[in-house]
Amino acid sequence: MAKLSDAHIHVGQFNDIYTSPQEVVAFMQQAGVEKYAVMSTTIWEEDYKKVLNEMRELVTLVPQSVLPILWLTPQMLLKGKLDMMLESGIKWYALKVHGNHPWSLNGVNECATIAEELSLPLIIHTGDFPHCEAGVYKEIVKSHPNVSFVLAHCRPVDQAIEVIKECPNCWGDTAYTPFPEVAKLIETGLEDRILFGTDYPLQKIHAPEKDLLTDYRETIFHVRDVMSCEQWEKVSHTNFEKLYNLFD
Ligand SMILES: [Zn+2]
C-alpha cells in the first residue's frame, strides 16, 4: 500500500463526543495511515493529566505511528504547567496554538519563541474568525526564521498562499481545506510545503450522518485528484517526513 501520513488528527474529548486512543489507532490502521500527528482536543478542558494519559496510551499502542503534538493554552502557561508537559517523558514533535483560546498576538509570538528554544515546529490553527486568519501570523512567521510553522487548514487560502510563498519556513496542512483550494495551493507551486491532513475525527460533529471511514477515503481521493503522482508523493508523506525529520 502507498505510504500515507496524516499531519492533523485528534484524540480525546470534543464537546460531548469522546474518541479514545484505541479508537484512533484502530481507525488509522483501517484507513491505511502509516504515521499521524495527534493533538488532543481534551485540552479544551485544560485537563493536562488526561491529555498526557491519552498521549502515553497512543505511544504505547503504536510507537512507530504516533507523533504527539503539544497543544499550548494561555492557562497552561499562566499556571506554569508547561514544564509538567515537557517533563512528562513524552517526545513531542511540535507545538500547537488555536486562536479560539484567548491568545494575544504577543502570546502567539511567545509560543513561537518557546518553539524555537525547543527546536520544534509550531502548528497554528487558521480560519473561522478574522483574528486567526493566516495573514495575521505573517510577521510572527517572518520574525522566527528558524522555526517551521504549519498553517493548519490554510484559511483563507489566498492569505495562506501569500504567507507560505513569502516565508520559506512556513508550511500548510489540508485539514478541512475545500478541495478546489487544495488545488489552488498546488497550482501556486507550493507542493513542497503542503501536508495532507484531515482533522479526524471531527467529521463526527460536522457530518454525523456520514460513515467516518468512507468520508476519510473520499478525502484522500479528492485531495489526490487535484495533483500529479509526484506531487501526491510529497503531500501524502515525504513533506511530513521532512518536516519532522523522520528519515533514517
Ligand atoms: Zn484540528
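Note that the structure is predicted; figures quoted are calculated from it, not measured. Sequence positions, counted from 1, serve as the residue numbers for this chain. Both ligands and their constituent atoms are indexed starting at 1 by order of listing.
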Student: Verify whether the ring centers belonging to Tyr137 and Phe149 lie closer than 6.0 Å.
Tutor: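 No: the rings miss the under 6.0 Å criterion.
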Student: Taking all heavy atoms of Trp103 and all of Leu72, pick out the closest pair and write down the distance.
Tutor: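 In this case the closest contact between Trp103 and Leu72 is CZ2-O, 3.5 Å.
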Student: Only distances under 3.5 Å count here; give the side-chain donor-acceptor pairs of residues 188-196 to other protein atoms, sequence neighbours excluded, each with its distance to 0.1 Å.
Tutor:
from: Thr188; atom 1: OG1; to: Lys184; atom 2: O; distance (Å): 2.4
from: Glu191; atom 1: OE1; to: Gln231; atom 2: NE2; distance (Å): 3.1
from: Glu191; atom 1: OE2; to: Lys234; atom 2: NZ; distance (Å): 3.4
from: Asp192; atom 1: OD1; to: Lys234; atom 2: NZ; distance (Å): 2.8
from: Arg193; atom 1: NH1; to: Ile164; atom 2: O; distance (Å): 2.7
from: Arg193; atom 1: NH1; to: Cys167; atom 2: O; distance (Å): 2.9
from: Arg193; atom 1: NH1; to: Cys170; atom 2: O; distance (Å): 2.8
from: Arg193; atom 1: NH2; to: Ile164; atom 2: O; distance (Å): 3.3

Student: Please give me the protein atoms (N, O or S only) lying under 2.8 Å from the Zn ion (ligand 1), ordered by chain and number.
Tutor: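 Atoms qualifying: His8 NE2, His10 NE2, Asp199 OD1.
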Student: Anything under 30° is parallel, anything over 60° is perpendicular, the rest tilted; go ahead and classify His98 against Trp71.
Tutor: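 Correct class here is parallel.
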Student: Nearest heavy-atom pair of Ala7 and Met39: which atoms, and what distance?
Tutor: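 Taking Ala7 first and Met39 second, the nearest heavy atoms are O-CE, 3.8 Å.
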Student: Does some side-chain heavy atom of Ser236 sit less than 4.5 Å from a side-chain heavy atom of Leu4?
Tutor: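 In contact.
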